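Here is the structure we will look at, set down as structure tokens.
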Protein chains: 2
Amino acid sequence: MHKKFMYICFMSNSKLYKGSLTTIILKLLNENDKMYGYEITQKVKALTKGQLKITEGALYPALHKLEAEGLLSVEVKKVDNRLRKYYKITENGEKETTNKLDELAEYIKTMQALVNPKLA
Amino acid sequence: MHKKFMYICFMSNSKLYKGSLTTIILKLLNENDKMYGYEITQKVKALTKGQLKITEGALYPALHKLEAEGLLSVEVKKVDNRLRKYYKITENGEKETTNKLDELAEYIKTMQALVNPKLA
DNA sequence: AATAATACATAAGCATTTTATGCATAAGAA
DNA sequence: TTCTTATGCATAAAATGCTTATGTATTATT
């Protein structure tokens with residue numbers, strides 16, 4: 001398909017999502033047993049009610065990197081004559097998920113201390 | 001001073017802070033009338049109890065950019081024979097602060113929907 | 001006298017993301 | 001039946017934003 005005139009995907013107009021993609025992928029795969037790339041984009045869109053749309057140009061390199069780091073394993077399947085690469089979280093991936101979620105919680109806490117110091 | 005052997009600054013070990021610096025600067029200047037660069041680094045360190053240390057290599061270019069965009073204005077003063085560049089928020093800067101804080105709140109909400117869907 | 005703190009600045013390199021493509025099959029609409 | 005949309009993967013150039021590593025200069029502390 002020609003995408004010349006249909007490219008409208010983005011991570012959101014805000015730059016804050018930079019650095020969050022790995023956390024999102026790991027968390028989804030930590031609780032969903034196995035998922036393929038396209039499925040992840042749809043899941044994220046659904047969970048965020050269209051707020052957040054992951055671009056393929058960001059997603060696929062990120063998945064490859066996580067696999068290379070041993071945090072995900074991959075299994076290729078053919079469904080309806082179409083290729084799917086199913087990703088599964090590894091043991092190390094589970095540990096890293098915990099780390100990433102801790103970092104996210106810490107980030108939120110720190111930012112709230114900065115922008116809303118009365119509540120901190 | 002030689003920094004060859006004393007360079008230990010960072011934005012935190014987490015990559016999540018990427019994209020947050022502008023928000024932090026604007027918010028601080030929105031509530032503090034005027035501040036200079038070094039003061040900002042110290043204030044952030046204090047408010048986050050050492051959690052977050054802004055590097056000069058990130059801060060100064062960010063301040064210059066905000067000034068170029070008309071969100072900050074600058075006034076140079078000499079104190080104790082040392083140069084200080086005081087930054088003040090402009091009217092447009094105040095509007096942008098509101099936008100950035102809204103984006104931060106939205107980001108936090110969206111991420112919580114992703115990593116903790118039960119609470120969303 | 002040497003080191004740490006204060007105060008600015010820039011530039012190379014790195015990681016992540018956007019933007020823009022490319023290929024291919026299946027389903028739905030015109 | 002032909003065009004478009006949806007499904008599914010991929011990569012590469014460019015932009016972005018930060019880290020790392022410097023540089024200069026003054027004042028305070030050890």
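Reminder, nothing fancy here: chain letters follow the sequence lines and each chain counts from 1. All figures in this text were calculated on a predicted structure; none of them were measured in a lab.
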Nearest-Å distance, CD (B/Q42) to C1' (C/dC8)?
14 Å
Under 4.0 angstrom between [X] side-chain N/O and [N] OP1 or OP2:
X: A/R84; N: D/dG8; value: yes
X: A/K18; N: D/dT16; value: no
X: B/T55; N: D/dT19; value: yes
X: B/Y60; N: C/dT10; value: no
X: A/K65; N: C/dT16; value: yes
X: A/H64; N: D/dT11; value: yes
X: A/N81; N: C/dA24; value: no

Which is more 5' along DNA chain C, the nucleotide nearest B/K85 or the one nearest B/Y38? Just name the residue.
B/Y38
State which residue, out of B/V115, B/L114, B/T110, fulfils the side-chain contact (heavy atoms from CB on, under 4.5 Å) condition with A/I24.
B/L114
Taken in chain and number order and not counting sequence neighbours, the residues that satisfy ring-ring contact (aromatic ring centres under 6.0 Å, His included) with A/Y17 are B/Y107
Does NZ or CZ of A/K85 come closer than 6.0 Å to the centre of the six-membered ring of A/Y36, within 45° of the ring's axis?
no
